[in-house]
Amino acid sequence: MQFVLYTLDIYTHSDPWFTFFMAHWLDITTTILGLAYILLEYKASIWLWIVGFVMQALDIVLYYEKGLYADCAMEFYYIAMTIYGFWTWKFGKKKHQRQGEQLPITHFKRNLILPWTLGTLAIWLILWYWLTQIGSTVPVADAFTTALSFVGIWALARKYLEQWLIWIVVDVVTCALYFYKDIPFKASLYGLYVAIAIFGYLKWRRDMQAHREA
């Protein structure tokens with residue numbers, strides 16, 4: 001056993017790529033899972049919730065190590081919403097949904113816009129205050145993306161079209177934040193998320209219109 005550890009130690013110091021991977025393996029792994037997640041979301045596949053569950057569990061460790069405490073705490077909410085989202089997509093019902101049909105894509109309900117907006121602002125302020133108290137170096141941006149993600153993941157779980165618009169804003173800010181916090185792979189992923197979210201919005205809108213016409 002000691003020989004194996006000694007050999008691994010020598011290899012680690014002699015191979016810069018291995019050293020780099022060991023320093024960023026969580027970032028790399030969650031990036032790959034994140035790419036699979038958003039592609040499944042683009043296709044409106046229920047498997048996105050399974051991939052998301054694994055990714056979020058690893059993200060808890062990654063964000064805690066990087067001092068992104070609000071994002072870390074958010075992952076526990078994500079995990080709960082992942083379970084809710086899977087159940088809703090599998091067994092949930094909406095008005096005018098046909099027998100045996102998958103949960104259809106619909107618009108965000110207008111009567112929910114004001115309460116969710118006020119709730120998001122309140123969460124942002126609460127998180128900002130909490131982050132300043134625990135010594136976060138990026139309290140405003142970290143609190144903002146976390147607060148907005150609360151409504152984003154819920155809207156995805158309900159299969160609302162406008163969830164893509166929410167994620168576009170979150171992804172742009174998060175991309176810049178993660179580059180600043182030296183999480184380059186995850187930051188690049190969020191940059192890609194922006195483009196996929198735009199195409200995802202257009203695809204979901206077409207699918208929603210086709211469903212209504214049918």
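Taking CG of L118 as the start and CD1 of I113 as the end, the distance is 12.0 Å to the nearest 0.5 Å. A distance of 9.0 Å separates CZ of F144 from OG1 of T174, quoted to the nearest 0.5 Å. In this structure, Y193 OH and W164 CH2 are separated by 9.5 Å, a value rounded to the nearest 0.5 Å. Going from atom CG of D27 over to atom NZ of K181 covers 13.5 Å, rounded to the nearest 0.5 Å. Atom CD1 of I79 is separated from atom CE of M55 by 10.0 Å, given to the nearest 0.5 angstrom. Note: W204 CH2 to Q209 CD = 14.5 Å, rounded to the nearest 0.5 Å.
Taking the side chain as every heavy atom from C-beta outward, L26 and L58 approach each other to under 4.5 Å. Between F86 and I46, the closest side-chain pair of non-hydrogen atoms falls below 4.5 Å. Side-chain contact between R206 and L202 is present, with heavy atoms from C-beta onward closer than 4.5 Å. Contact annotation: the side chain of W167 approaches that of I153 to within less than 4.5 Å [non-hydrogen atoms, C-beta and beyond]. The side-chain heavy atoms of W49 and L156, taken from C-beta on, include a pair separated by under 4.5 Å. Between L112 and Y160 the shortest side-chain heavy-atom distance falls below 4.5 Å.
Residues V170 and I126 fall into different hydrophobic clusters, defined by Ile, Leu, Val, Met, Phe, Trp and Tyr side chains chained together at heavy-atom separations under 4.5 Å. Note on F179 and V194: separate hydrophobic clusters, where clusters join Ile, Leu, Val, Met, Phe, Trp and Tyr whose side-chain heavy atoms are under 4.5 Å apart, directly or indirectly. F76 and Y78 are not part of a single hydrophobic cluster, where members link through side-chain heavy atoms under 4.5 Å apart. The cluster map of Ile, Leu, Val, Met, Phe, Trp and Tyr, joined by side-chain heavy atoms under 4.5 Å apart, puts W130 and I60 in different clusters. Linking ILVMFWY side-chain heavy atoms closer than 4.5 Å, directly or via other members, places F53 and Y84 in two distinct hydrophobic clusters.
Partner of F108 under the side chain to side chain contact (heavy atoms under 4.5 Å, CB included) criterion, out of V151, L165, L161: V151 alone.
Here the shortest heavy-atom pairing between A157 and T88 reads O-CG2, 3.5 Å. In terms of heavy atoms, L33 sits closest to V51 at O-CG1, 3.4 Å. In terms of heavy atoms, G52 sits closest to Y37 at CA-CD1, 3.6 Å. Residue Q163 comes nearest to G152 through the heavy atom pair CB-O, 4.0 Å, listed as atom of the first residue, atom of the second, then distance. Minimum interatomic distance between A187 and C175 (heavy atoms only, all atoms of both residues): O-SG, 3.3 Å. When all heavy atoms are compared, the tightest approach of I166 to A155 is CD1-CB, 4.5 Å.
Using cut-offs of 30° and 60° on the angle between ring planes, the pair Y178 and Y63 is tilted. Between F91 and W87, the angle of the ring planes lies from 30° to 60°, which puts this pair in the tilted group.
Atom CH2 of W89 has more than 12 neighbouring heavy atoms from other residues, nucleotides or ligands inside a 6.0 Å radius. In Y77, the OH atom is crowded: over 12 heavy atoms of neighbouring residues, nucleotides or ligands sit closer than 6.0 Å.
Within the structure, no pair that satisfies the salt bridge (Lys or Arg N to Asp or Glu O under 4.0 Å) test touches residues 147-176, not counting sequence neighbours.
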Checklist entry - Given the rule in the side-chain contact (heavy atoms from CB on, under 4.5 Å) test, do I168 and I198 qualify, once you have shown the distances and angles that lead to the verdict? => result CA-CA 7 Å; I168 288 172; I198 294 171; 3.9 Å; yes
